[in-house]
Structures are given as structure tokens and as C-alpha cells.
A.B. asks: 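Structure below; questions to follow.
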Amino acid sequence: MPVGGLLPLFSSPVGGGLGGGLGGGGGGRKGSGPTAFRLTEKFVLLLVFSAFITLCFGAIFFLPDSSKLLSGVLFHSSPALQSDAEHKPGPGGHAEEAAEGRAGRGEEGAPGDPAAALEDNLARIRENHERALREAKETLQKLPEEIQRDILLEKEKVAQDQLRDKTAFRRLPPVAFVPPVGAVGREPADAAIREKRAKIKEMMKHAWNNYKSYAWGLNELKPISKEGHSSSLFGNIKGATIVDALDTLFIMEMKDEFEDAKSWVQKHLDFNVNAEVSVFEVNIRFVGGLLSAYYLSGEEIFRKKAVELGVKLLPAFHTPSGIPWALLNIKSGIGRNWPWASGGSSILAEFGTLHLEFIHLSHLSGNSIFAEKVMNIRTVLNNLEKPQGLYPNYLNPSSGQWGQYHVSVGGLGDSFYEYLLKAWLMSDKKDLEAKKMYFDAVQAIETHLIRKSSKGLTYIAEWKGGLLEHKMGHLTCFAGGMFALGADDAPAGLTQHYLQLGAEIARTCHESYNRTFAKLGPEAFRFDGGVEAIATRQNEKYYILRPEVVETYMYMWRLTHDPKYRKWAWEAVEALENHCRVNGGYSGLRDVYLKYNSYDDVQQSFFLAETLKYLYLIFSDDDLLPLEHWIFNTEAHLLPVLSPNRKEVEVNEK
């Protein structure tokens, strides 16, 4: 158990933080050791440990989520595109044989064996419980002075690490800006397409102008209330919508708006705040947005701010394994993980979605430290055994071992797989390790997670300790575009297979939109109990202006030029106008199945960064941001392919 969990025993009842508890201020209880505990304190400790034991052993009866999962395994077991897998090398054969081999040896994670899976879960819970008890016992035997000394030593180590990191970035080297390829495209020749693209630009103006009128300088807009909205994900950092929208403004040639945004960044974007932020969200939105703005415009302020923020995120990697914390106080450099994440684990989609941005930070700063941090993540992952070839969503940064065996290509896992593929493409196809990791992962996903419904819809289920939950999230819909984007580099004979798989995922996600009243998709939809591509739980019926479905349409359009993807994209535009547009901007919906609009009153920054950008690109010619020259990060921010002859600065190896 972490030391911090026991600090209240030695701290002031009034002081809320470490300083108040250990500073010996007025009103604080004193004690010389465990023998100084009062009877009530011992009783409280006993209650805490009893509750912990009960929670651990009770958890196995709540994972997976419902009893329907077992019947789902029995009645929804037909792998998608089975005929392709049977006749082609690669995904299908070898992974399936490996799964059968593991099942025969009684190893953990064998699909279709619920009893073995539950026994494995129970053994893992017992092991974690015993380890936690040992750690707690060791901590309780320490004197308060020892605990205080340990904390001060850890804080001193973090401060020294921060000083070392900052020392390397006192002055950025000069750069030779490389003019961007395809940053501004020509007007579409077809008048109807030109009109639709102009409409999407007008939507961007409506969203931006209302943000500027009612929430300028704040993170996001509440379009019904006409005031600012701020998520705790960004701490005290402001201007998320401004930074997120920079590249969209640029490619839409909204020049005045881009200059206003640049001016705000120069004068007001401040990272010297005492606040805890999500490393993942700040990286993909702020670092990604600033890098993209630099590569499009060449404005030095964007490079400077991107590297400055990157340096402030480096302390997140100061863990025993080098797997970064999810949350970081960017002033103190102290990190932690979400308390709900499998015993304090880091999350795959968070620590696995730093690679693209950090490689570019090294590229633009001339310092290899950023690249070294994310390459170490690769090393840790490659040294771990993967259950059935799958990557669980949770990894403990202290032990470097997997947490709970939950696998998802949606929330908690999604962009990790996306970044494997894009790391390969962004390296100008030189990063062979990323390519292998990606196609190995896709093979396992296709074998164990991808299924077809009784009516022929292909979907990606979630895997929990060997049991499938036949649920697909809106976030998972990005995978159609991912499969298609990687198709050209697939193992021999599988290019058409992956294009077809991408098309089938696109069709399923379109159906999830088409089966709602609003014609916009729910947060998650299910394939069980006779239901297909429909949300059955109230807390899964909302739509928050998400981009993943139109993202897949964009890739499918670029790679196939099948007109149905433009048709489906325009359906999404009409639905957004009919149900999400309000006088003050665009709002998400609480329930896409209702005949009246129930607004959530938030205009998400990613609506401007992603949703509108992808829609605009669908109705643009392919010369605007050609895919052979640009990679989109998971927030749709633009990063150029790093070909060998592209060198802004020389990177200094350490």
C-alpha cells in the first residue's frame, strides 16, 4: 500500500495536504510509533483492511459487467471475415493455434473457459491482496519520522530530475523551417461538393465566433448558458479550444481567426501553474496542437511553447519502470494515477499515446530525451508476456507488470494501436519495430475481439479475463480508418482483407447512427439479447460531438473514393445542424434516441479540432494534407512524415 494512504494517521485533522500533516503545526497529534495508536485508530485500521479484503474478493462477481457476457460468449462466437482468415496467411491461423495451446495447458486468459478465467482472476486478486498487506505492514512498522524522511527524499529526487530536464532546454537551437506540403488545397471542381465544403467552414465559423464571444481564453464553451466551461483534465491551463483549433483555422484559410489565436498564445498561454493535469489530454491537445501550428505556419512561438510544455511533462516518467503517471502536478512534478485504474495502474491508451508528439519534440528541440522516454515504453511492453497476444488496458508503473486483464480497442486502449501504425508511417516506414507490434496486435484483435452479428454487422467486442462483452464504443469506430490506413503495408495477400475490414467497421458505425432518432451515434452500442448496434443502457445514449465515425469516413473516402462515404458524412453534417446547433454554438446531446433535443451544454474543443476538420477534408480534394506527407495525431493534429532528408535541427544523442 502506498505511504500516502497511511498519512492521515499521523497528520493534522485540519491540514489537507502533505505539508499540513507532516509539518507539526498546531493541533497536530504526536506519536512515537505504532504503540502510540489509540484503540479507536486500531479499530479504524481493522475496518479499512476488512473492507479492502471484502472488495477484492467481491470484485470477481462483478467482472465482467453482467451475466449476459457468458451467454454472449456462447451465442456470439463467430469470428468476423472467417473465410478470409481461413484462406490467407497472417491474422487468423497462428493466433488461434496459440490460444488453443494456452487453453490446453490451463494458462490464464483462455477464451471460452469461464471457470479457468475466474480461477485466474481469483489467484491474481489473492496475490495482489497479499502484496498490499505486506506493504501496509512494512509501512505501519515505520516511525512517523521515517515516513516523513522517505517523502522528503522522494520530493528531492523529483526536484533534481526536474532541474536536470530543464537545464537541457535553456535555449532552443535555431531551425530551418521546411515549408509544408499541401497545407492549403485548391477549390473542389464540383460545384455541389464546393457548396458542402463551404457549409462546413461556416459551421467552424459559428463554433469559433461563439467561443470567442462567450468563452475567449477559457478552455471550452457552454453554448446554451453562453459562458466558459473548464474540465479538470487541464488543471489551470487555459485556452484548450484556441490551441485545439489552430490547425483547423489554418487549413480552412480563416486567416484573421488564426492571427487572433496566435496572438492569444503569445500573450496568455501560460504553463507556469500549480495544477494537476492529465498528461494524455494535455499532450494530444496542447502539445499536438502547438506542434501542428508550427509545422503549418513556421511561427516560432508555437515551437517554443510546445517544447516548454513537453519539458514540464517529463517528470511524469519518473517512475520505477519509466511508464508515466496519468496525472501530474506540473509545478511540483509529483505524479499519480487515477484511483479507479486497477490498483493504481497507468492506462494503455494514455501512456501509449505520447509517441508521435515526443518524437517530434526531439526533432524540433535537438534533444533526444523525449524520444528516449517513449522508446523506453516500447521496451517495457516488449518485455512483457501478452495474454493471447493482446495488450491489457492497465500496467502498473511501479512493478512494470499488467494490472487487470481487460482489453479494449475503444476507451482505455484505442489510440495505443493507432500510434503503433502511425509511428511506422511517420518514420517514413523505417520504424520496423512499430510495424511488427501493430500487425501482431491486429492479428490478436481479429482473432479474439472481432465478431459478426447474426445480421452480418462486424463489430469489435471487449475482452475481460477471457470473456467477451459484446459492446462497441463510439471511440472504437476510429478503427475502421486505422485498418484501412495500414492495409497497404499488411502482410502478403492481406491488403484487400484489411480494406474490407475497415469498410465493414465503417458500415457498423453508420448503422449505430442510422438507428437513432437524431442520426448521431450513442457513446456505446451493443450486440446481445437480440439487439444490434443500439445502446441499451441510459448512460450510453449520449453524444458529445465525437469525431471517430467521420474520421473513419475520411480515411475510407481518401483510400477508396467510394461516394457512399461522402453521403454518410453529409448525413452527419445535417444531423449536427438539426440537433446540435444552437444560437451559442454546438452542444452535445444527452440521449440520441429522444424525439426532442436534450442538450449537455458543452461545445467540446475536439469538435473544432477533429469533427469539423475531418468533415472538411472529406469534401476537399486529396491535395489538401496528402496522407503520404502527413500523420494525424489522435486529436487530428498534423505532424509531417519524418523522411531522412527532413532535418530542422540536429538531434543530440546522449
Side-chain angles (χ1 to χ4, degrees), residues 156-180 235-239 242-243 246-247 259 261-275 277 279 282-318 322 324 328-333 335 354-376 426 633 637-640 642-654:
E156 183 179 351
K157 179 179 180 298
V158 169
Q160 289 173 347
D161 289 340
Q162 281 185 289
L163 181 61
R164 186 191 68 237
D165 294 340
K166 289 177 181 177
T167 301
F169 295 96
R170 287 178 178 168
R171 179 177 298 176
L172 285 176
V175 298
F177 176 67
V178 179
N236 293 339
I237 298 177
K238 302 298 183 186
I242 295 173
V243 177
L246 280 164
D247 51 10
E259 287 300 319
K262 184 185 78 173
S263 176
W264 187 91
V265 169
Q266 287 175 318
K267 297 175 182 177
H268 303 293
L269 184 58
D270 182 14
F271 303 130
N272 295 310
V273 295
N274 184 10
V277 302
V279 174
V282 166
N283 175 65
I284 65 171
R285 302 197 201 201
F286 284 89
V287 176
L290 291 165
L291 288 172
S292 180
Y294 170 74
Y295 281 121
L296 289 170
S297 70
E299 296 286 351
E300 179 64 14
I301 184 62
F302 298 132
R303 180 176 76 119
K304 178 178 177 293
K305 287 290 185 182
V307 175
E308 177 190 347
L309 180 54
V311 172
K312 290 185 176 294
L313 295 181
L314 287 173
F317 293 85
H318 297 158
L328 178 73
N329 184 301
I330 57 177
K331 181 177 182 180
S332 69
L354 304 169
H355 192 97
L356 304 184
E357 296 84 1
F358 273 54
I359 292 295
H360 273 280
L361 286 173
S362 279
H363 180 73
L364 289 180
S365 68
N367 194 303
S368 63
I369 189 170
F370 299 106
E372 290 166 2
K373 297 295 186 185
V374 291
M375 292 308 294
N376 177 68
M426 192 179 78
N633 87 338
H637 293 311
L638 303 156
L639 300 171
L642 294 175
S643 58
N645 59 353
R646 181 187 182 107
K647 284 190 177 181
E648 271 87 356
V649 298
E650 293 290 338
V651 176
N652 298 316
E653 300 291 341
K654 289 189 175 180

A.B. asks: Can you list everything that forms a side-chain contact (heavy atoms from CB on, under 4.5 Å) with Pro640? Sequence neighbours excluded, please.
C.D. replies: Tyr295, His360, Trp630, Arg646

A.B. asks: Rounded to the nearest 0.5 Å, what separation is found between the CG atom of Leu291 and the CG atom of Asn283?
C.D. replies: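 Atom-to-atom, Leu291:CG and Asn283:CG are 8.5 Å apart.
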
A.B. asks: State which residues pass side chain to side chain donor-acceptor pair (under 3.5 Å) with Ser263; sequence neighbours excluded, sorted by chain then number.
C.D. replies: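 Result, side chain to side chain donor-acceptor pair (under 3.5 Å) vs Ser263: none returned.
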
A.B. asks: Roughly how far, to the nearest 0.5 Å, is the CE atom of Met426 from the CD1 atom of Ile359?
C.D. replies: 6.0 Å

A.B. asks: Identify the two heavy atoms, one from Ser362 and one from Ala371, that lie closest to each other, and give their separation to 0.1 Å.
C.D. replies: OG-N, 3.0 Å

A.B. asks: Knowing that exactly one of Val273, Asp270, Asn272 qualifies, which makes a side chain to side chain contact (heavy atoms under 4.5 Å, CB included) with Ile237?
C.D. replies: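 Option passing the side chain to side chain contact (heavy atoms under 4.5 Å, CB included) with Ile237: Val273.
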
A.B. asks: Quick one: side-chain contact (heavy atoms from CB on, under 4.5 Å) partners of Ala293, sequence neighbours excluded?
C.D. replies: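 Ala293 satisfies side-chain contact (heavy atoms from CB on, under 4.5 Å) with Leu246, Phe302 only.
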
A.B. asks: Return yes if some donor-acceptor pair links the side-chain N/O of Lys305 with the main-chain N/O of Leu269 below 3.5 Å, else return no.
C.D. replies: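 Answer holds: yes.
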
A.B. asks: Please report the closest heavy-atom contact between Leu361 and Ala306, naming both atoms and the distance.
C.D. replies: CD2-O, 3.6 Å

A.B. asks: Sequence neighbours excluded, which residues qualify as side-chain contact (heavy atoms from CB on, under 4.5 Å) partners of Glu259?
C.D. replies: Lys262

A.B. asks: So, for Arg285 and Val243, which heavy atoms are closest and what is the spacing to 0.1 Å?
C.D. replies: O-CG1, 3.7 Å

A.B. asks: Give me the atom names and distance for the closest heavy-atom approach of Pro180 to Leu296.
C.D. replies: CG-O, 3.5 Å

A.B. asks: Leu172 and Ser365: side chain to side chain contact (heavy atoms under 4.5 Å, CB included), yes or no, with the steps?
C.D. replies: CA-CA 6 Å; Leu172 285 176; Ser365 68; 4.1 Å; yes

A.B. asks: Any chance you could measure Leu313, atom CG, to Leu354, atom CG, to the nearest 0.5 Å?
C.D. replies: 8.0 Å

A.B. asks: Residues two or more places apart in sequence or in another chain: which of them pass side-chain contact (heavy atoms from CB on, under 4.5 Å) with Pro644?
C.D. replies: Asp428, Lys430

A.B. asks: Quick one: closest heavy-atom pair of Ala275 and Asn236, and the distance?
C.D. replies: CB-N, 3.3 Å

A.B. asks: Please check this pair: side chain of Asn633 against backbone of Ile284, looking for a donor-acceptor N/O pair closer than 3.5 Å.
C.D. replies: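 A pair under 3.5 Å: yes.
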
A.B. asks: Rounded to the nearest 0.5 Å, what separation is found between the CE atom of Met375 and the CZ atom of Phe358?
C.D. replies: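 One finds 14.0 Å between CE of Met375 and CZ of Phe358.
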
A.B. asks: Hey, could you give me the CG/NZ distance between Leu309 and Lys312, rounded to the nearest 0.5 Å?
C.D. replies: 8.5 Å

A.B. asks: According to the salt bridge (charged side-chain N to carboxylate O under 4.0 Å, His left out) rule, which pairs have a member within residues 354-369, sequence neighbours left out?
C.D. replies: none

A.B. asks: Closest approach of Leu364 and Val175, non-hydrogen atoms and distance?
C.D. replies: O-CG1, 4.3 Å

A.B. asks: Is it the case that the side chain of Ser292 and the backbone of Asp247 share a donor-acceptor pair, with hydrogens and angles ignored and the cut-off at 3.5 Å?
C.D. replies: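 No; zero donor-acceptor contacts below 3.5 Å.
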
